[in-house]
Amino acid sequence: MTAARKIIIDTDPGQDDALAILLALASPELEVLGITAVAGNVPLALTEKNARKVCELAGRPGTKVFAGAARPLLRDLVTAEEVHGRTGLDGPDLPEPQMPLQDRHAVDFIIETLLAHESGEVTLCPLGPLTNIALAIAREPRIVPRIGEIVLMGGGFFEGGNVTPSAEFNIYVDPHAADIVLRSGAPIVMMPLDVTHKALTTRKRVAALRDLGTKVGIAAAEMLDFFERFDEQKYGTDGGPLHDPCVIAYLLKPELFAGRLCNVAVETGSELTMGMTVVDWWRVTDRPQNALVMRDIDHDGFFALLTERLARL
Ligand code: RIB
Ligand code: CA
């Protein structure tokens with residue numbers, strides 16, 4: 001077996017983040033070097049605690065969890081308790097974490113890890129606002145050519161936005177950070193709403209997780225029962241979109257996804273379209289093709305992978 005792929009998960013748990021972390025920790029193809037928390041769905045004090053709760057749920061209390069930015073680069077923090085609940089991880093009743101939070105700041109950990117590893121060896125997996133990633137790039141530009149790949153959940157184009165008519169939450173919360181990352185030159189794979197809205201947590205799929213009968217399976221189903229209600233009402237669908245695990249599933253089975261190398265730029269001026277990701281899908285400009293933008297997913301294969309892997313925890 002080839003050596004496990006080294007990744008850093010940057011995250012704002014969030015129930016969908018939690019399932020992405022569980023999927024990563026359950027998969028031997030991946031080595032999670034660390035989990036860096038950022039303010040997003042809920043404030044940082046909760047996202048870092050939730051990250052530790054999920055590591056303990058996975059039976060991996062030795063995972064290194066770091067706290068990062070408590071607010072976006074320039075704009076005020078916008079959170080999403082209406083979707084994720086007051087704790088950010090409503091649904092299951094998970095115990096207070098016993099594992100420690102690391103002392104180092106998340107941004108220092110990201111920089112030091114990229115400088116300490118061979119160029120290209122480490123993949124960054126942002127699942128929330130891109131504040132930590134942008135700060136690392138701004139603080140130490142030497143890391144950019146050393147980044148193997150940035151595989152992120154964020155943005156939307158044909159699907160529009162989910163927090164405003166034109167912007168997706170992760171990009172909207174910190175559009176200036178997204179601008180730094182998109183202009184950085186690092187190789188980017190983007191999982192926008194165009195693809196995550198095709199991965200719906202239907203009743204049948206949630207039941208398959210609950211029917212695992214394990215602590216992890218039951219907790220995952222409880223998270224989704226809570227998390228999906230907001231989007232089910234909003235979109236009138238059976239289940240809600242399962243955004244963040246698409247990032248980890250791409251690392252495990254890229255063939256589940258299809259997309260196109262495009263230019264992606266982000267709006268940071270107009271309040272009307274603040275945080276909008278403008279995707280040159282039809283290549284009508286000569287702007288650099290800076291991101292592989294995913295638009296399609298084998299959603300049955302995705303949920304089969306997710307369920308099979310969570311069964312291992
Ligand atoms: O818009 C969906 C994204 O915003 C997901 O990452 C979800 O966890 C929230 O952070
Ligand atoms: Ca997230």
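All values below were derived from every heavy atom in this structure, side-chain atoms included, with hydrogens, water molecules and symmetry-related copies excluded. Just follow the structure's listing: the first ligand is 1, and inside any ligand the first atom is 1.
- When hydrogens are left out, the protein atom nearest atom 6 (O) of ligand 1 is Asp244 OD1, 2.6 Å; that is the closest non-hydrogen contact.
- Between the Ca ion (ligand 2) and the N, O or S atoms of Asp12, the shortest distance is to OD1.
- For ligand 1, the atoms closer than 4.0 angstrom to any heavy atom of Met153 are 2 (C), 3 (C), 5 (C), 6 (O).
- For ligand 1, the polar-atom distance check finds an N/O of Leu127 within less than 3.5 Å of one of the ligand's N/O atoms.
- Listed by number with element, the atoms of ligand 1 under 4.0 Å from a non-hydrogen atom of Asp12 are 10 (O).
- Taking a cut-off of under 4.0 Å to the non-hydrogen atoms of Asp16, the atoms of ligand 1 that pass are 5 (C), 6 (O), 7 (C), 8 (O).
- Remark: ligand 1 atoms within the under-4.0 Å shell around heavy atoms of Glu168 are 1 (O), 2 (C), 3 (C), 4 (O).
- Short contacts between ligand 1 and Asp17, defined as distances under 4.0 Å to a heavy atom of the residue, involve ligand atoms 8 (O).
- Vertex the Ca ion (ligand 2); arms to Leu127 O and Asp244 OD2; angle rounded to 10 degrees, 90°.
- We find that Asp225 and Arg210 are joined by a salt bridge, their nearest charged nitrogen and carboxylate oxygen being less than 4.0 Å apart.
- Heavy atoms of Val83 found under 4.0 angstrom from ligand 1: none, in either backbone or side chain.
- The protein atom (non-hydrogen) at minimum distance from atom 9 (C) of ligand 1 is Asn41 OD1, 3.1 Å.
- Taking the charged nitrogens against the carboxylate oxygens, Arg104 and Glu112 do have a contact shorter than 4.0 Å, which makes a salt bridge.
- Distances below 4.0 Å separate heavy atoms of Asn170 from the following atoms of ligand 1: 3 (C), 4 (O), 5 (C), 6 (O), 9 (C), 10 (O).
- Using a 4.0 Å cut-off between charged side-chain N and carboxylate O, Lys49 and Glu96 make a salt bridge.
- For Arg229 and Phe227, the positive end is not near the middle of the six-membered ring at less than 6.0 Å and at most 45° from its axis.
- Rounding to the nearest 0.5 Å places CD1 of Ile35 at 9.0 Å from CZ of Arg60.
- Not one N, O or S atom of Gly40 sits under 3.0 Å from the Ca ion (ligand 2).
- Judged by the 6.0 Å and 45° rule, Arg295 forms no cation-pi pair with Phe257.
- Of the residues Lys6, Arg5, Arg309, Lys253, the one that meets the salt bridge (Lys or Arg N to Asp or Glu O under 4.0 Å) test with Glu29 is Arg309.
- Note that the OG1 atom of Thr277 and the CZ atom of Phe157 stand 8.0 Å from one another [nearest 0.5 Å].
- Under a 4.0 Å N-O distance rule, the pair Lys204/Asp211 does not qualify as a salt bridge.
- Annotation: His243 places no N or O atom under 3.5 Å from an N or O atom of ligand 1; distance criterion only.
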